[in-house]
Amino acid sequence: MKFGKLSSIESVDFSLPTITSDSLQYLEQFKNDTALPKLYIGCTGWGMKEWIGNTYPKGAKAKDFLKYYGEQFNTIELNTTHYRIPDEATVLKWKDETPSDFHFSPKVPQSISHSRDLGLSGNNIQWFCNNIRLLEEKLGCCFMQLPPYFDINRADLLRQFLHNFPKDIPLSVEFRHESWFANSTVFQDMMEFFRANNIATVITDVSGRRDVLHQEVTSNQLVIRFVGNALHPTDYSRIDRWIEELQKLYEAGLQEIYFFPHEPDNILAPQMARYVFEGAQQHLKVVTRGPDLEKHREGEQMSLF
């Protein structure tokens with residue numbers, strides 16, 4: 001992911017802001033849920049031939065990559081849907097090739113998110129939602145990435161879009177334009193609208209844009225996009241702090257978190273995902289599953305957590 005990337009990270013303050021008081025107050029309503037919360041950990045695609053021999057078995061064929069991916073991860077940030085709306089047969093194939101605990105997090109197509117009116121005048125919203133519903137119990141939280149030019153002057157358009165978006169499709173939204181974070185009144189009004197309509201936020205942790213690390217929670221789901229720097233030592237220390245933050249969020253009442261580690265060209269993402277999983281195993285009481293990167297090196301059967 002190129003958004004927010006820096007040529008040098010030496011002067012970056014990687015500390016995490018505190019969870020907002022409005023978020024903590026909102027999460028109180030979920031505290032009485034006795035079920036263990038869930039943590040979904042995944043990458044941004046499965047078509048990586050560089051993963052053969054570690055994440056995927058030696059000799060793996062491209063047609064089997066999704067099956068092997070599903071054995072290692074329990075979710076995916078499904079970027080392919082950003083570029084085209086999948087047909088019904090494709091969606092059903094995805095569903096059939098993944099384990100029962102797997103959740104897809106499809107990105108809203110750019111024909112919607114990057115259109116002048118957010119797709120309200122056409123049929124792409126209905127087409128996308130109808131097809132993605134076929135994932136049924138494997139549909140996680142959809143992810144709408146607003147374009148960099150989508151500023152606070154379009155707040156009413158966003159509200160109109162969210163009002164019309166089908167309520168049975170879980171949705172999260174990522175803001176990128178600086179104006180959302182420079183104008184606290186407009187942003188807080190939008191966060192209250194999100195909470196009233198059960199729309200989740202996307203929190204992005206990236207070196208060059210610390211403002212998008214807003215720590216607002218507006219639903220019982222949350223999407224976190226972690227952008228690393230090729231397994232630089234700070235990647236690991238940042239994840240350590242995130243594990244502490246996840247514990248606070250779960251204790252506050254949050255029920256479901258999707259955590260997507262990004263690394264350059266996606267090649268090293270499984271290693272970062274593994275580190276997140278190990279931290280979750282050690283410190284969190286959650287239902288989760290993560291990659292076993294020794295599985296295919298040793299030819300052993302992976303244990304599911």
Side-chain angles (χ1 to χ4, degrees), residues 1-10 12 14 16 39-62 64-80 82 98 102-105 107 143 145 174 202-210 212-213 223-246 257-283 288-298 300 302 305:
M1 188 171 73
K2 294 181 180 180
F3 172 75
K5 293 290 286 183
L6 295 175
S7 57
S8 173
I9 61 171
E10 299 308 315
V12 177
F14 282 115
L16 295 178
L39 174 61
Y40 292 92
I41 306 168
C43 302
T44 62
W46 62 73
M48 303 299 296
K49 65 180 184 301
E50 292 87 351
W51 293 357
I52 296 174
N54 48 77
T55 309
Y56 300 158
K58 186 177 180 180
K61 305 298 183 185
D64 299 317
F65 280 3
L66 176 56
K67 178 175 73 74
Y68 294 130
Y69 179 94
E71 292 175 357
Q72 295 278 41
F73 304 94
N74 61 358
T75 190
I76 187 167
E77 182 184 304
L78 193 58
N79 278 326
T80 185
H82 186 60
T98 48
F102 192 89
H103 276 197
F104 289 87
S105 295
K107 188 179 286 189
F143 159 42
Q145 187 177 83
E174 182 187 42
V202 176
I203 295 175
T204 302
D205 185 349
V206 62
S207 304
R209 283 290 304 276
R210 305 310 286 167
V212 295
L213 192 63
V223 177
I224 299 170
R225 306 178 82 218
F226 175 92
V227 184
N229 295 286
L231 304 187
H232 187 275
T234 55
D235 288 3
Y236 295 97
S237 58
R238 289 164 64 196
I239 291 296
D240 291 343
R241 287 193 288 273
W242 264 115
I243 293 297
E244 295 174 0
E245 196 73 3
L246 297 187
I257 296 175
Y258 292 82
F259 199 103
F260 297 109
H262 292 241
E263 291 291 343
D265 301 319
N266 207 29
I267 294 172
L268 299 174
Q271 285 87 335
M272 204 75 265
R274 176 66 193 182
Y275 192 74
V276 176
F277 176 59
E278 289 172 347
Q281 279 190 305
Q282 293 174 22
H283 301 288
T288 190
R289 181 162 64 82
D292 178 356
L293 302 183
E294 298 301 317
K295 171 187 176 183
H296 297 301
R297 292 192 183 101
E298 300 174 357
E300 295 177 354
M302 182 183 74
F305 295 90

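Using a 4.5 Å cut-off on side-chain heavy atoms (C-beta onward), F102 and I76 make contact. Looking at heavy atoms from C-beta onward, I41 lies out of side-chain contact with R274 at the 4.5 angstrom threshold. Using a 4.5 Å cut-off on side-chain heavy atoms (C-beta onward), F14 and I9 make contact. With a 4.5 Å cut-off on side-chain heavy atoms, P261 and Y275 do not count as touching. In this structure, F3 and Q145 have side chains that are not in contact, with every pair of non-hydrogen atoms separated by 4.5 Å or more. No side-chain heavy atom of W46 sits under 4.5 Å from any side-chain heavy atom of F73. Contact check for Q72 versus W51: no side-chain heavy atoms found under the 4.5 Å cut-off. In this structure the side chain of F259 never reaches within 4.5 angstrom of the side chain of R225, judged on heavy atoms.
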>> Run the side-chain contact (heavy atoms from CB on, under 4.5 Å) test on Y69 and T55 for me, step by step, so that the C-alpha distance in whole Å, both residues' side-chain angles and the decisive distance to 0.1 Å come before the verdict.
In response: CA-CA 8 Å; Y69 179 94; T55 309; 5.9 Å; no
> What do the steps show when you test S207 against N229 for side-chain contact (heavy atoms from CB on, under 4.5 Å), and what is the final call?
Replying inline: CA-CA 9 Å; S207 304; N229 295 286; 3.2 Å; yes
> Could you go step by step and tell me if L213 and I203 meet the side-chain contact (heavy atoms from CB on, under 4.5 Å) rule?
Replying inline: CA-CA 5 Å; L213 192 63; I203 295 175; 3.6 Å; yes
>> Checking F65 against I52 for the side-chain contact (heavy atoms from CB on, under 4.5 Å) test, could you report, in this order, the C-alpha distance in whole Å, the side-chain angles of both residues, the deciding distance, and whether it holds?
In response: CA-CA 9 Å; F65 280 3; I52 296 174; 3.8 Å; yes
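Distance OH/Y40 to OG1/T288: 9.0 Å, rounded to 0.5 Å. Rounded to the nearest 0.5 Å, atoms CD1 (I267) and CG (N54) are 10.5 Å apart. Within the model, atoms CE of M272 and OH of Y236 stand 5.0 Å from one another, a figure rounded to the nearest 0.5 Å. The line from CZ of F277 to CD1 of I239 is 14.5 Å long, rounded to the nearest 0.5 Å. Atom CZ of residue R210 and atom OG1 of residue T204 lie 10.5 Å apart, to the nearest 0.5 angstrom.
For the salt bridge (charged side-chain N to carboxylate O under 4.0 Å, His left out) condition, the pairs that include at least one residue of residues 226-241, sequence neighbours left out, are D205-R238, D235-R238. Note on residues 39-51: no pairs pass salt bridge (charged side-chain N to carboxylate O under 4.0 Å, His left out), not counting sequence neighbours.
Take H232 and apply the side-chain hydrogen bond (donor to acceptor under 3.5 Å, both in side chains) test, not counting sequence neighbours, and it matches T234.
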